[in-house]
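Have a look at the structure below, then the notes.
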Amino acid sequence: MDLQEIVDEIARVLDASATLEDRSFQLLAYAAQSGDIDTVRRESILRRRASDEVRAYFEGYGIASAPGPVRIPADERLGVLARVCVPLRHREVTYGYLWLLDSGKLDDRLLASVSPLVEQAAAVLAREARSRADLGARLRDLLSADPELRAAAGLDLAGPVAAIAVHSVSGRVVPLWTLPRGVLADAGDPVTAVLAPAAQARAVAGRVQALYGTAAGIGGAREDPGEAWRSWREATLALRVAQRVPRFASVAAWADLGVHRVLARLSGAQLADLAAEAGALEPELARTVETYLDRAGQAGETAARLGVHRQTLYYRLAKAERLTGLDLADGENRLVLHLALKAAELLGGPQGAR
């Protein structure tokens with residue numbers, strides 16, 4: 001039987017509402033509604049996963065390591081009815097959860113009657129997890145710029161997809177196996193590679209970034225998974241920006257980077273050459289000029305943003321012109337200085353560390 005058939009049979013035997021989720025609380029199957037329904041079950045079915053608040057509430061009862069059914073009381077504030085959580089464990093590893101709304105009739109004897117079905121569901125999830133691990137091992141080949149390696153990867157995926165690059169921490173093992181189904185991941189040092197359905201990319205990137213506590217970059221979506229290597233290249237560049245530019249931390253998406261998409265392609269030496277145009281500016285002056293240029297030369301907006309009087313702004317701009325030899329009234333000069341300041345920020349220099 002597949003997971004849907006197993007859940008339907010469990011619901012029939014117990015005469016109870018049943019849902020089945022993976023370790024990341026992503027909904028995999030649910031039985032037709034029987035009896036009362038609560039907010040959590042309704043939202044889980046509609047959104048295909050539980051909210052973070054609800055997840056934390058359930059995990060607080062130790063369901064991840066429980067060897068058997070866990071009874072969870074109702075919580076009116078969260079809209080949670082009393083339920084039983086049956087961890088789906090195979091060879092001491094939890095692969096998912098079976099949720100049963102409990103009106104009070106689900107005693108231990110009745111729950112034991114569906115143990116074979118629970119074991120069968122856990123085995124199905126374990127097989128799928130092993131299959132995902134095998135696919136993840138081939139992910140690097142799919143993301144390679146070498147067409148021969150990509151062809152040899154042998155991955156048959158549905159698009160659109162987006163690649164995610166996450167800065168990893170040497171020696172730290174994170175539970176990538178808890179990511180939603182349909183997501184491939186390969187841990188690496190210094191960068192972990194992830195490929196996700198494009199619609200889930202931001203959520204998945206945020207989750208993996210949080211696991212490592214570092215930074216992540218998201219590449220552009222590709223309809224053809226065979227072009228995922230291009231998204232990976234963008235993801236690694238976006239990661240570089242996320243690590244250096246404060247306003248893009250800690251997760252940067254290629255689509256949101258603007259001029260940093262150009263600058264991120266430059267080598268460190270090229271960035272340093274460009275940043276040198278603003279090298280004479282101390283941090284306060286650099287921040288003033290960059291804010292002014294970011295706002296297209298609108299003096300009033302810039303002064304308000306910086307919290308200074310207009311005359312103070314004009315004084316600083318004039319000083320910056322003297323130090324750099326660039327005329328802020330000249331379009332090309334403005335462009336050169338603006339790019340120089342962005343380059344310095346990407347280098348993580350004094351102008352970027354603010």
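Atom set for the values below is all heavy atoms of this structure, side chains included, hydrogens, waters and symmetry mates excluded.
- Hydrophobic clustering (ILVMFWY, side-chain heavy atoms < 4.5 Å, transitive): Leu341 and Tyr292 are in one cluster.
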**Message:** Let's go through Arg305 and Asp294 carefully: what are the C-alpha distance in whole Å and the side-chain angles of both, what is the deciding distance for salt bridge (Lys or Arg N to Asp or Glu O under 4.0 Å) to 0.1 Å, and is it a yes or a no?
**Reply:** CA-CA 11 Å; Arg305 175 73 175 178; Asp294 282 347; over 6 Å; no
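- Heavy atoms of other residues, nucleotides or ligands lying less than 6.0 angstrom from CG of Asp156 number 12 at most.
- A salt bridge links Arg55 with Glu59; the closest basic N to acidic carboxylate O contact falls under 4.0 Å.
- Hydrophobic clustering (side-chain heavy atoms under 4.5 Å, transitive across Ile, Leu, Val, Met, Phe, Trp, Tyr) groups Met1 together with Leu3.
- Applying the side-chain hydrogen bond (donor to acceptor under 3.5 Å, both in side chains) rule to pairs touching residues 260-279 yields Ser267-Gln270, sequence neighbours excluded.
- Residue Arg295 places its CZ atom among more than 12 non-hydrogen atoms of other residues, nucleotides or ligands, all under 6.0 Å distant.
- The existence of a salt bridge linking Glu345 and Arg247 is confirmed by a sub-4.0 Å separation between a basic side-chain nitrogen and an acidic carboxylate oxygen.
- Judged as a ring pair (Phe, Tyr, Trp, His ring centres under 6.0 Å), and not counting sequence neighbours, the contacts of Tyr61 are Tyr57.
- Using modelled atom types, one finds a donor on one side chain and an acceptor on the other under 3.5 Å when comparing Arg316 with Thr288.
- In this structure Asp102 satisfies the salt bridge (charged side-chain N to carboxylate O under 4.0 Å, His left out) test together with Arg71, sequence neighbours excluded.
- Criterion: ILVMFWY side-chain heavy atoms under 4.5 Å apart, direct or through other members. Under it, Leu323 and Leu328 are part of a common hydrophobic cluster.
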**Request:** Take Glu9 and Arg12, measure what salt bridge (Lys or Arg N to Asp or Glu O under 4.0 Å) needs, and give me the verdict at the end.
**Result:** CA-CA 5 Å; Glu9 181 63 11; Arg12 185 192 67 78; 2.7 Å; yes
